[in-house]
Amino acid sequence: MSGDTTPGPDTTAALDLTVIAAGVRERVAALAGDLTAMSHAIHDKPELRFEEQHASGLLQRFLADEGFAVRSGIAGMPTAFRAERAFGTGGPVIAVFCEFDALPGLGHACGHNIIATAGAGAAAAVARWLTGPETAGQRPAGTLVVLGSPGEEGGGGKVRLVEAGELAGVDAAVMVHPAGFDSVARTNLGRISLRATFTGHASHAAAAPELGRNALDAATLLLVAIGLLRQQVRADSRIHAKVAEGGDSINVIPERSVVELFIRSPDSGYLRGRLMEAVRDCVAGSALAAGCSWELAEPAPAYDPVLPNQVLAELAAAAFAEVGRDVDPTAVSGNAGSTDMGNVSQVVPALHPYLQVVPGVAIHTREFAAAARGEAGDRAVVDGAALLAAMAGALLSRPALVTAARTAFDARDGH
Ligand SMILES: [Zn+2]
Ligand SMILES: [Zn+2]
């Protein structure tokens, strides 16, 4: 496959994928009860980033029972794991990611219970299909790796997995994220996590306010400055913040305040350059006006934008079609968030497609949290497992696809 080939799989590939998709779909159907039960169990006990013992344990036991060798607590994260199973000798190494953390106050409003069980279910289905009667005599060789990646909501678990070398030797990495729409090529934003700390001087708020330096004033000024700055930044970029600390007592001038921010852009250079400088100036200016000192830290790893891979996007579109979902493999419009899968996509060919749960119901809402455990959520678990399994099965069966994905990866901007 070359860059000027008309998009779309050729007839042979489509036929192969249909056969593979039917084979793995049958296995997913047999696993559906276990997968949805596990999805509900994870949803019922939401765990915050890096505290996902329950979810991680369920997934590890499930994969061990399916014949995967499981290594727990990898990359210095107690709830991260790697489950691996080789088929034959050599062949491509395909990684499937499972996320499983929840959001503070909202539970599984990002539907990571669906990501987790669709990913693990896909791996189990491919393993059963690869060792089943259909592939006897012509068994594809390769290795399936399931990476349990904790702390996606702000913690950057995948960044640590990349840094620890867990992606070394991986030929392609896939996952599926639930959403209010189906999409295989929507872009994501790079993201820097920031924490601004202001230090002032405590004093009695009524008896001696003139002796105080109000750190909450600096935080207030920062929010106003950022609100005004938004008009002067690129329309595709985002800045948002919350006051994490704003004082303890009403009758004490707050001596310390903390504002946590995310700044985002699809353009890494703009994000790290102009946007970062402008926000730093807002922090410094707010501190100066309030007579406080300031510090600006990056408390979590930055997320890179997801690097698109058209070969994997076209494969995904075909796999979506096999579960009755029509998607345009080139459609990238719409608002986007950020994901640590972006960092994975910078080191190996990767795809982060979106799978519709309820049309138009957006992630990080209470409505989405409810849907992620309802009938539509269960359907997403089964469809997600089936389409990821079809993708992984196709990549293991057709090494030319892996080569084409690598070629597309190598042809990315700057290389
Ligand atoms: Zn989220
Ligand atoms: Zn998410």
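Numbering of ligands and ligand atoms starts at 1, following listing order.
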Glu153: its N/O/S atom lying closest to the Zn ion (ligand 1) (atom name): OE2
Ion pair Asp65/Arg61, N-O distance below 4.0 Å: no
State whether the number of non-hydrogen atoms from other residues, nucleotides or ligands found under 6.0 Å of Glu298 atom CD is greater than 12. yes
Please tabulate, for side-chain N and O atoms in residues 381-390, each donor-acceptor pair with protein atoms closer than 3.5 Å (sequence neighbours left out).
unit_1: Asp383; atom_1: OD2; unit_2: Arg325; atom_2: NE; d: 3.0
unit_1: Asp383; atom_1: OD2; unit_2: Arg325; atom_2: NH2; d: 3.0

Kindly report the SG-the Zn ion (ligand 2)-NE2 angle for Cys110 and His112 respectively, rounded to 10°. 100°
Less than 4.0 angstrom from a charged side-chain N to a carboxylate O is my criterion; do Arg373 and Asp44 meet it? yes
Short check: any N/O/S atom of Glu152 below 2.8 Å from the Zn ion (ligand 1)? no
